[in-house]
Q: 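The structure's right below; bear with me while I get my questions together.
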Amino acid sequence: MTTSAPRSGGRHGRAPAAATSVEATSGAAAAGRTVSAPAGGGGASRAGEASWRRMAGAALVAAVAGVAGWGFHRVFPGTELLVAVIPAAIAPAAVAAILGRRPLWLSLLLDVVLWFAGTILLYKGPHPGVFADVANSWHALLTTLLPAQPEPHLLVLVHTLVWAAAVIGAETLARTRTRIAAAVPALAVYGTALLLGVDGEGSNLPVAGALFVLIAALALLRDDRSPIWLPAGLPAAAALAAVALVVGPLLPIAAQPYNPRQDADLPPPRRVDSVSPLDRVSAWLQIPDRELFTVKADKPLNWRLAVLDRYDGVRWTSGARFQPTGGRVPEAGWTGEADVVHQKVTFGGLPGTWLPAAERPERVDGVRGLVVDPESGALLAGAKPAKGFSYEVTSKVPRPSKQELLDATPAVDPGLTAFPAGPQQRLFRKLAQEATKGATAPITRAYRLQKYLRTNASYDVTAPPGHSLKGLEFFLQTTHRGTSEQFATTFALMARTLGLPSRVVVGFRPGQASGGIYHVKSGHVMVWAEIKFDRLGWRPFYPTPGRSGAKDDHDVVSSDIEESEELEGEFTQGGSDRPKTSQPQATGNGEEPSSGPSIWLIASVAGGALLVAYAGVVVALPWWRRRVRRRAEGPGQRVLGAWRQTCDDLGLRGQYALTAADVVAGQAGSGDISTHIQPLAEISNFVRYAPDAVTEDAAAAAWQHSDAIRRAVRARTPLITRLRNRLLLRRAI
């Protein structure tokens with residue numbers, strides 16, 4: 001007799017059909033019968049379709065996680081990102097597809113092993129500090145100027161996030177019947193990529209469109225519809241994604257998105273080298289023919305090395321807050337006309353880790369471990385560059401007009417006008433006021449101060465080194481000779497007595513030109529000063545005279561020195577030096593221009609903040625009250641806390657006249673509530689009459705009964721009622 005296996009009543013015909021077939025086969029075998037498959041191969045067809053959907057779903061989850069990880073391309077613009085994303089997205093999806101019917105712990109164990117394997121691929125070998133890197137990479141990326149360098153200790157964060165999204169999504173897909181819940185973790189990864197990449201180049205709108213299409217495909221796949229729905233539904237999803245790509249940049253949030261780097265704690269100022277470049281100036285001048293580096297550039301310029309803005313009366317140091325970067329240097333305050341200069345610098349015998357560059361760099365390529373100070377644009381290498389090391393720099397050299405220079409006003413920065421305590425301050429202020437007498441425009445005062453030093457002291461490479469207040473006082477009153485070290489530092493301090501924020505720059509003159517390459521030697525070292533102006537940024541000044549007097553006769557005269565002398569002559573010979581003040585412009589309708597956000601915007605923001613604060617209270621207050629009661633001192637207090645919590649859960653808060661017996665009587669016939677309320681009331685009454693005899697077990701039992709009552713109350717209370725009570729803070733549930 002032949003018996004065919006019955007059809008499964010399951011939706012997909014997967015596990016139920018298999019179980020029925022096994023049972024039928026076993027029963028038939030026991031009876032000595034022959035079992036045949038269903039006619040027409042319907043079971044095999046359903047099994048094949050289920051297998052196809054499982055594999056396709058796993059592939060879609062991997063694609064969603066991988067595309068979300070690619071959202072970090074604004075943080076790491078390069079193929080190195082793929083090494084972190086692809087294995088982390090594919091491996092968990094494959095594990096879930098293969099072991100979806102096995103215990104969950106087995107899949108998770110294998111996923112963890114594969115995560116370790118991915119880190120070995122990322123680090124090119126086992127790395128003992130991988131967990132520390134995962135924990136620290138968040139702050140490291142928030143203090144990095146994008147693009148970030150694709151270092152393993154940073155990429156491991158992307159690898160871990162994509163891996164977690166793929167694990168959660170793939171296991172959710174394999175073990176539940178949800179449609180698009182498996183894509184939620186990947187969307188969280190994409191949101192993280194948006195926040196960390198807000199300063200990066202490029203756009204994540206195409207990534208958002210791809211995610212939309214993939215999630216739509218996942219929803220269609222899990223809807224148990226015929227596979228022909230996929231080619232029908234995906235074009236519609238793609239069309240909606242295209243519309244979003246067009247509309248997305250027009251949204252207000254796209255103009256000024258929130259940047260978490262604004263709230264990140266920057267690294268503190270640090271001492272860069274054991275020997276400051278300013279302390280090397282005198283020694284370099286004694287051996288002027290030592291080649292330090294070469295520069296292949298579009299035009300001759302001064303090459304900046306170190307920027308020093310702090311002075312303690314003995315030495316100038318840097319207050320720079322260096323941040324890692326993949327090559328981009330943030331723009332400075334100047335937004336007007338500027339010359340773009342490309343350079344290729346090759347190291348020779350230059351000591352230290354400072355990297356020379358022209359004026360304000362905006363892009364640096366070829367330096368691993370590069371860090372930059374966003375304020376000054378100073379560059380540092382992660383390690384001491386070897387001889388022959390080269391890198392490329394793109395710099396912007398501002399070209400302000402004469403009127404823009406005249407209209408410039410000094411920036412307000414107390415740290416850049418600070419003068420160390422000491423009797424020398426009176427001398428510096430007196431000489432500065434004499435040098436700038438009659439000048440009113442800040443730029444004119446700076447140029448007259450520059451001219452004063454260039455004409456009242458002489459350049460002498462044999463002058464004693466040093467830039468302490470005592471040494472500079474000796475320079476001003478006695479020797480009247482020095483190197484650019486003394487001239488520049490004296491200028492900066494005299495400018496500070498006039499309220500002009502100043503700093504000192506150590507760098508080099510262009511060097512000896514040969515075939516478009518400038519050979520910079522130790523004798524080309526030069527120190528100059530800079531003053532900070534609003535909108536103009538830092539403006540250089542060169543108070544060091546030439547060796548024969550006021551006329552600069554260095555071997556290679558920089559174009560910057562020539563320009564400053566020309567402007568100095570124009571400003572000090574009959575030209576108006578009174579800065580023009582800008583007046584507010586009319587709006588065209590007789591109204592004054594707006595000076596701030598509208599009252600409606602302020603009211604909306606304030607209202608939103610109040611709603612968020614109230615929501616936080618609604619969520620946190622009941623939780624905090626239960627926590628305090630559960631952790632009260634002494635078992636007796638914890639028992640009473642359990643009773644009060646139960647009364648709150650039953651809606652009896654404030655009804656202090658009720659006794660325990662009244663509460664028990666009121667809950668008679670309430671099922672699980674009445675089962676637990678009686679023993680809880682007995683424990684509570686025992687505490688009231690014999691508090692010293694209460695044990696820890698009694699407190700634990702009281703809270704077990706209280707939690708059971710809470711669950712029962714929640715089960716019988718409609719969701720809408722619970723939400724209303726929570727919003728009105730009527731109960732603690």
Q: Judged by atom type as modelled, is there a donor-acceptor pair below 3.5 Å linking the side chain of Arg328 to the main-chain atoms of Leu146?
A: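 Yes.
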
Q: Do Trp703 and Gln645 come close enough that some side-chain heavy atom pair is under 4.5 Å?
A: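 With C-beta onward as the side chain, the pair touches.
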
Q: Would you confirm whether Asp649, through its side chain, and Arg710, through its main-chain N or O, come within 3.5 Å as a donor-acceptor pair?
A: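 No.
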
Q: Are the side chains of Leu82 and Trp70 in touch, meaning some heavy atoms are under 4.5 Å apart?
A: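 Result yes, sub-4.5 Å side-chain heavy-atom pair found.
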
Q: With a 4.5 Å cut-off on side-chain heavy atoms, are Glu171 and Ser107 touching?
A: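 Counting from C-beta outward, Ser107 and Glu171 do come under 4.5 Å.
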
Q: Under a 3.5 Å distance rule, please check whether His73 uses its side chain to pair with a backbone N or O of Ser203 as donor and acceptor.
A: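 Yes, the answer is positive, given that a donor and an acceptor are paired below the 3.5 Å cut-off.
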
Q: When rounded to the nearest 0.5 angstrom, what distance separates CG in Leu211 from OH in Tyr190?
A: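 If we round to the nearest 0.5 Å, Leu211:CG and Tyr190:OH are 6.5 Å apart.
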
Q: Which heavy atom of Ala386 sits nearest a heavy atom of Phe347, and at what distance?
A: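 Closest approach of Ala386 to Phe347, heavy atoms only: O-CB, 3.8 Å.
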
Q: Please give me the minimum heavy-atom distance between Leu145 and Pro330, naming the atom from each residue.
A: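 Heavy-atom minimum between the residues: CD1-CD, 3.7 Å.
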
Q: To the nearest 0.5 Å, what is the distance between NE2 on His153 and CG on Leu122?
A: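 Spacing of NE2 (His153) from CG (Leu122) equals 11.0 Å.
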
Q: Rounded to the nearest 0.5 Å, what's the gap from OG1 on Thr144 to CG on Leu196? Could you check?
A: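 Reported to 0.5 Å precision, the distance equals 10.0 Å.
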
Q: Return all side-chain donor-acceptor pairs below 3.5 angstrom for residues 109-119, not counting sequence neighbours, or 'none' if the list is empty.
A:
unit_1, atom_1, unit_2, atom_2, d
Trp115, NE1, Thr160, OG1, 3.2
Thr119, OG1, Phe116, O, 2.6

Q: Between Asp309 (side chain only) and Gly319 (backbone N and O only), is there a donor and an acceptor less than 3.5 Å apart?
A: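 Between the backbone of Gly319 and the side chain of Asp309 there is a qualifying donor-acceptor contact (under 3.5 Å).
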
Q: Check this for me: Glu80, atom CD, are more than 12 non-hydrogen atoms of other residues, nucleotides or ligands nearer than 6.0 Å?
A: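 For Glu80, atom CD is crowded (more than 12 foreign heavy atoms under 6.0 Å).
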
Q: So do Phe72 and Val162 actually touch side chain to side chain, heavy atoms under 4.5 Å?
A: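 SC-SC contact between Val162 and Phe72 ruled out.
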
Q: Judged by atom type as modelled, is there a donor-acceptor pair below 3.5 Å linking the side chain of Ser395 to the main-chain atoms of Ala358?
A: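 Confirmed, Ser395 side chain pairs with Ala358 backbone.
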
Q: Under the side-chain contact (heavy atoms from CB on, under 4.5 Å) criterion, do Leu370 and Leu355 qualify, and how do the steps go?
A: CA-CA 10 Å; Leu370 176 69; Leu355 301 177; 3.8 Å; yes

Q: Are Arg368 and Glu151 ion-paired here, with the side-chain N under 4.0 Å from a carboxylate O?
A: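 Yes.
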
Q: Show your working on side-chain hydrogen bond (donor to acceptor under 3.5 Å, both in side chains) between Arg629 and Ser706 and close with a plain yes or no.
A: CA-CA 12 Å; Arg629 289 169 173 173; Ser706 178; over 6 Å; no

Q: Work out which heavy atom in Asp373 is nearest to a heavy atom in Ser376; give both atom names and the distance.
A: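 Heavy atoms of Asp373 and Ser376 come nearest at OD2-OG, 2.7 Å.
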
Q: Would you indicate whether Arg102, at its atom CZ, is surrounded by more than 12 heavy atoms from other residues, nucleotides or ligands within a distance under 6.0 Å?
A: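 No, CZ of Arg102 has 12 or fewer neighbouring heavy atoms, counting only those of other groups under 6.0 Å.
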
Q: Could you check whether any side-chain N or O of Arg304 sits under 3.5 Å from a backbone N or O of Glu359, counting only pairs where one atom can act as donor and the other as acceptor?
A: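 Yes, the answer is positive, given that a donor and an acceptor are paired below the 3.5 Å cut-off.
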
Q: Is any side-chain heavy atom of Arg630 closer than 4.5 Å to one of Asp707?
A: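 Yes; the side chains approach each other to less than 4.5 Å.
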
Q: Taking the side chain from Glu530 and the backbone from Arg503, do they hold a donor-acceptor pair closer than 3.5 Å?
A: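 Not confirmed, Glu530 side chain does not pair with Arg503 backbone.
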
Q: Between CG of Leu104 and CZ of Arg175, what distance do you get to the nearest 0.5 Å?
A: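 Here the interatomic distance stands at 4.5 Å.
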
Q: Report the distance from atom CG of Leu141 to atom CZ of Phe76, rounding to the nearest 0.5 Å.
A: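 CZ of Phe76 is found 4.5 Å from CG of Leu141.
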
Q: Among Leu161, Asn136, Asp133, exactly one meets side-chain contact (heavy atoms from CB on, under 4.5 Å) together with Val156. Which residue is that?
A: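 Running side-chain contact (heavy atoms from CB on, under 4.5 Å) over Leu161, Asn136, Asp133 with Val156 returns exactly one hit, Asp133.
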
Q: Do the side chains of Leu379 and Val329 get nearer than 4.5 Å, heavy atoms only?
A: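 In contact.
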
Q: Any chance you could lay out the side-chain contact (heavy atoms from CB on, under 4.5 Å) test for Lys384 and Phe389, step after step, and finish with the verdict?
A: CA-CA 10 Å; Lys384 170 67 175 69; Phe389 168 75; over 6 Å; no

Q: Could you pull out the closest heavy-atom pair between Trp354 and Ala378, with the gap in Å?
A: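 So the minimum-distance heavy-atom pair works out to CZ3-CB, 3.9 Å.
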
Q: Determine whether Val307 and Glu375 make a side-chain contact, defined as any pair of heavy atoms from C-beta on separated by less than 4.5 Å.
A: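 A side-chain contact is absent here, since even the closest heavy-atom pair is not under 4.5 Å.
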
Q: Do the side chain of Thr717 and the main chain of Arg714 share a donor and acceptor less than 3.5 angstrom apart?
A: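 No.
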
Q: Of the non-hydrogen atoms in Ile180 and Leu218, which two are nearest, and what is the gap between them?
A: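 Looks like CA-CD2, 4.3 Å.
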
Q: For the pair Gln149 (side chain) and Val367 (backbone), establish whether a donor and an acceptor sit closer than 3.5 Å, ignoring hydrogens and angles.
A: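 Judged by distance alone, yes, a pair lies under 3.5 Å.
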
Q: Tell me the closest heavy-atom pair linking Pro92 and Ala170, and the distance in Å.
A: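 Reported closest heavy-atom pair: O-CB, 3.8 Å.
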
Q: Any sub-3.5 Å donor-acceptor pair from Thr325's side-chain atoms to Gly327's backbone N or O?
A: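 Yes: the side chain of Thr325 pairs with the backbone of Gly327.
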
Q: Is there a side-chain contact (heavy atoms from CB on, under 4.5 Å) between Ile215 and Leu187? Walk through the geometry before answering.
A: CA-CA 10 Å; Ile215 295 174; Leu187 292 178; 3.8 Å; yes

Q: In Å, rounded to the nearest 0.5 Å, how long is the span from CG of Leu108 to CD1 of Ile168?
A: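 One gets 9.5 Å once the value is rounded to the nearest 0.5 Å.
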
